[in-house]
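Right, one structure below, let's go through it.
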Amino acid sequence: MWQSVGILLNPTKAECAGVADRLEGIFRAHGVRCERGLPEDRARLAKCDFLCVLGGDGTILAALDIALGADQPILGVNLGRVGFLTEVEPSHMEEDIALLMQGQWSMEERTLIRASAQSGESVLALNEIAIVRAGVSARILTVAAEVNGCPVAHVSGDGMIASTVTGSTAYSLSAGGPVIAPSVDAFVLTPICPHTMSSRPVVVSTRDTVSLRVVGESGSAQAVCDGRAVWQSVREIRIERAQETAKFLRLKQRNFYQLLREKLSEW
């Protein structure tokens, strides 16, 4: 089924080139054409049947810019520290790629957020969209959150995160948000360092429409999508479930709770 693979490298990982060489050899032994490149090589990589991403979850987030536009599934090879979204460990590449070539794979789709600014521009987020303080300011930022037009939070602090269930183990978790299983259709609204003793995360349905609005001084906030600043001096963003989904190739039966234990605890 697979005729070509785009191998996306993370140039900051010292071991990446060696792993990529091994990976190319494995794929070519199975008769699969390989295109190796960096995120800026979008045009070449987008022509392949799927993307094999070498790095961690951060590299996979960067790969989505290519994969979503080309409707490509992603197979992640873990060269990072946690790697919730990756599927293959370098020590098992030969066995895992053999499973892929034998048709022993499944497709997992993850919900995306579509966030829209007042200007009409929109972005897609796999993990989260957040309103945070702009620049190096230490001033308190106040954000009001509404769900389907109904006020649900008015928080002063460092900002607020709107997270998918995929992102519930990322920035939202670090800010005190709950861990949510991937099978749950939910978004999480998580305050960042709230200047209060009563503010708590709020879990809402993916069928809801969320609005995050900056209260007070103009130019005090920016919007950050999956770790990248997308809008400066933001006043309000609208958050909905995207029609698009992120697609991941899975080769094993994944147990989320076992994965959670392996990745995030010292048990």
Side-chain angles (χ1 to χ4, degrees), residues 5-16 19-20 23 37-39 42 45 50-69 72-93 96 106-113 115 123-130 132 161-184 186-188 190 192 224-230 242 244-252 254-266:
V5 54
I7 300 176
L8 182 67
L9 282 67
N10 182 337
T12 67
K13 302 287 185 181
E15 68 273 38
C16 198
V19 174
L23 194 59
L38 300 173
R42 171 194 298 261
L45 296 174
F50 69 101
L51 281 184
C52 193
V53 180
L54 277 60
D57 288 346
T59 314
I60 286 180
L61 292 176
L64 282 174
D65 288 343
I66 300 171
L68 290 175
Q72 292 170 310
I74 289 174
L75 179 67
V77 177
N78 187 26
L79 300 182
R81 184 179 64 86
V82 179
F84 261 103
L85 296 172
T86 58
E87 183 69 7
V88 177
E89 295 295 331
S91 58
H92 297 94
M93 285 197 306
D96 288 343
S106 61
M107 190 83 75
E108 180 185 24
E109 297 190 42
R110 292 292 183 97
T111 296
L112 298 171
I113 284 174
V123 294
L124 294 173
L126 175 62
N127 275 354
E128 73 278 314
I129 186 84
V132 298
I161 304 163
S163 164
T164 64
V165 294
T166 301
S168 73
T169 55
Y171 190 10
S172 176
L173 177 66
S174 299
V179 173
I180 302 180
S183 58
V184 178
F187 294 141
V188 187
T190 307
I192 308 170
V224 177
C225 171
D226 285 345
R228 295 175 293 179
V230 288
E244 302 90 336
T245 59
K247 299 179 176 66
F248 294 92
L249 291 172
R250 300 303 184 199
L251 308 175
K252 311 175 186 74
R254 292 164 66 90
N255 184 300
F256 173 73
Y257 304 102
Q258 180 180 349
L259 188 66
L260 191 68
R261 176 175 174 171
E262 291 173 355
K263 299 291 187 181
L264 289 183
S265 78
E266 299 293 332

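Residue numbers run from 1 in the order of the sequence given.
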- Item | Nearest non-hydrogen partners of T86 and D57, listed with the distance | N-OD1, 4.0 Å
- Message: Tell me every residue that passes salt bridge (Lys or Arg N to Asp or Glu O under 4.0 Å) with K252, counting only those two or more places apart in sequence or in another chain.
- Response: D96
- Considering non-hydrogen atoms only, spot the tightest contact between I180 and F256 and give its length. O-CZ, 3.8 Å
- Message: Main chain of L251, side chain of E87: is a donor-acceptor contact present, judged purely on distance under 3.5 Å?
- Response: yes
- Note on the structure: Rounded to the nearest 0.5 Å, the SG atom of C16 sits from the CG atom of L9 at a distance of 4.0 Å
- Message: So M107 and L249, do their side chains get closer than 4.5 Å, heavy atoms only?
- Response: yes
- Can you name the closest pair of heavy atoms from C225 and A125 and give their distance? SG-CB, 3.6 Å
- Got L64 and L124 here, is their nearest side-chain heavy-atom distance under 4.5 Å? no
- Mind checking the CD1-CD1 spacing from I161 to I192? Nearest 0.5 Å is all I need. 4.0 Å
- Task: Using side-chain hydrogen bond (donor to acceptor under 3.5 Å, both in side chains) as the criterion, list what pairs up with N78, not counting sequence neighbours.
- Result: E89
- Got a second to check how far L75's CG is from L51's CG, nearest 0.5 Å? 10.0 Å
- Message: Does any part of the side chain of L54, heavy atoms only, come nearer than 4.5 Å to the side chain of T59, both counted from C-beta?
- Response: no
- Indicate yes or no: at least one non-hydrogen side-chain atom of D65 is less than 4.5 angstrom from one of R228. yes
- Sequence neighbours excluded, which residues qualify as salt bridge (Lys or Arg N to Asp or Glu O under 4.0 Å) partners of E108? R110, R250
- Message: Under a 3.5 Å distance rule, please check whether S163 uses its side chain to pair with a backbone N or O of V188 as donor and acceptor.
- Response: no
- Message: Give me the atom names and distance for the closest heavy-atom approach of A186 to V165.
- Response: O-CG1, 3.6 Å
- Closest non-hydrogen atom pair between T190 and G176, with its separation: CG2-C, 4.4 Å
- Task: Using a 4.5 Å cut-off on heavy atoms from C-beta on, say whether the side chain of L79 contacts that of N10.
- Result: no
- Query: Of all heavy-atom pairs between L126 and D226, which one has the smallest distance, and what is that distance?
  - Reply: N-OD2, 2.9 Å
- Item | Nearest-0.5 Å distance, CG of residue L45 to CZ of residue F50 | 12.0 Å
- Query: Taking side chain as C-beta onward, heavy atoms only, is I60 less than 4.5 Å from F248?
  - Reply: yes
- Query: Hey, are the side chains of T111 and T166 touching, using non-hydrogen atoms and a 4.5 Å cut-off?
  - Reply: no
